[in-house]
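Order of appearance sets the numbers: ligands from 1, and atoms from 1 within every ligand.
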Amino acid sequence: MTDVPPAREPTREPTRAPILELSDAELRFGERVVWHHLTLDVQPGEFIAVLGPNGTGKTSLLRALLGQHRLRAGSIRVNGHAPRTGDGDLGYIPQQRGMDRDTPMRGRDLVRMGIDGHRWGLGRLKREERDRVEELIDAVGAREYADSPVGLLSGGEQQRLRVAQALVGQPRILLCDEPLLSLDMHHQRRVAALIDEMRRTRDTAVVFVTHEINPILPYVDRVLYLAGGHHLVGPPREVMTSESLSQLYRSRIEVVDVGGRLVIVGGDDHPHHPSADDSVEDSRVLPGRGAL
Ligand SMILES: Nc1ncnc2c1ncn2[C@@H]1O[C@H](COP(=O)(O)OP(=O)(O)OP(=O)(O)O)[C@@H](O)[C@H]1O
C-alpha cells in the first residue's frame, strides 16, 4: 500500500475584517447628489488616496466617516459600528485653516490636544504620553517653535503641528484632508513618510484626500477617484491612466508619466452634478488590494 499524502488546504491569506466599510453609500445636499453607489472596504494598514476635482465630495466623504454628514442611502461602518462624532479610533487632519493670531496656545499644547483635547483643562499627561508628544514634535520638525504661540506661526508650521496632533493619539484610522498643502517639498516628504511609517508599524488605515498624488505615490495601495458623482477604485497605476480617467470624466484626459511622476492633462474642473434619476452606469471598480 502506498502512502497517499493528505490533500493540502490551499494556502490563503487570513481574512481580516475591514476597518472601514462603505456599502452603496449615497450623499446628497438637498437635491444635489454628491456621490452615490459608493462601495469600498478599507483594511487595517491600507493607504487609500482620495482624488478628484474641486467640489466632488472628498472632504464630505471624510465628514461622513466622522459622523458629521448623514447618508441618504447605503451604510458606513467604522471599526464595526456606525460613524459617531468624537470617535477615539479616528484621527483627523482637517483641511488647513489659519489660526487666530491671539490663540492662547503654544505649539506643544496643540499637539498634546491629540491626547487629552476631549478632556476639560490641561491635566497631567502620563510619562509615556509626554514622550510621545516630544517624539512627534521632533518627527514633524517642530522643535524650534514648539513653545511659540501657534497664532504667530506660518501656515506650514501650523500644519505640521496638526499632523503631529492627529498622530499622537495613535488612531486606528487616520483621515487626512490635504495635509501636505503649504508644506515645502522637504516637509511634504517627511510628513508623507511619517504617515506611512505609522500605518506600517501600527496597522493604521489611512484615507488621504489630495490633489497631488506624486508625493504619496510610493505609499498608496489604492486610489478612490471621485468625479461628477461617479468613482473609480483601484491601484494607482490602474486608475491613473488616460483610458480610466477619460471614461470617468467622459472627456479626453491624458495621464503622462514624467520620470515616475503622474501628470494629468485636460479634465473638466466643473464636474457634472448628477441628479437623483441619473441612470448612467456610474462606477467602475478595478481589482486591487483588499475587499471591494
Ligand atoms: N454642509 C453642506 N451643505 C450643503 N452643501 C455642502 C455642504 N458641505 C459641502 N457641500 C457641497 O458639497 C460639494 C462637495 O464639497 P466638498 O468640500 O466635499 O468637495 P471637495 O471634493 O472636498 O472639494 P475641494 O477639492 O475643493 O476641497 C460642494 O459643492 C459643496 O459646496
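Every atom of ligand 1 with a heavy atom of Ser60 under 4.0 Å away is listed here by number and element: 9 (C), 14 (C), 15 (O), 16 (P), 18 (O). Heavy-atom proximity to Gln95, at under 4.0 Å, picks out these atoms of ligand 1: 27 (O). Using a 4.0 Å cut-off to heavy atoms of His211, the atoms of ligand 1 that qualify are 25 (O). Close contacts between ligand 1 and Glu178 involve ligand atoms 27 (O) [criterion: under 4.0 Å to a heavy atom].
The neighbour count for Arg261 CZ, taken as heavy atoms of other residues, nucleotides or ligands under 6.0 Å away, does not exceed 12.
Two residues are said to be in side-chain contact when any heavy atoms from C-beta on lie closer than 4.5 Å; Glu197 and Arg202 fail this criterion. Two residues are said to be in side-chain contact when any heavy atoms from C-beta on lie closer than 4.5 Å; Val223 and Leu232 fail this criterion.
Note: no N/O pair closer than 3.5 Å links His69 and ligand 1 by distance alone. Close N/O approach between Gly57 and ligand 1 is found [any backbone or side-chain N/O within under 3.5 Å].
Look at Gly52 and you'll find every heavy atom at least 4.0 Å from all atoms of ligand 1.
The one candidate from Ile137, Val111, Val168, Leu167 that meets the side chain to side chain contact (heavy atoms under 4.5 Å, CB included) condition with Arg132 is Val168.
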Let me see the working for Leu20 and Val78 under side-chain contact (heavy atoms from CB on, under 4.5 Å), right down to the final yes or no. CA-CA 5 Å; Leu20 284 178; Val78 176; 3.9 Å; yes

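Contacts of Arg63 with ligand 1, taken as heavy-atom pairs under 4.0 Å, are absent altogether.
Between His36 and His230, the angle of the ring planes lies from 30° to 60°, which puts this pair in the tilted group.
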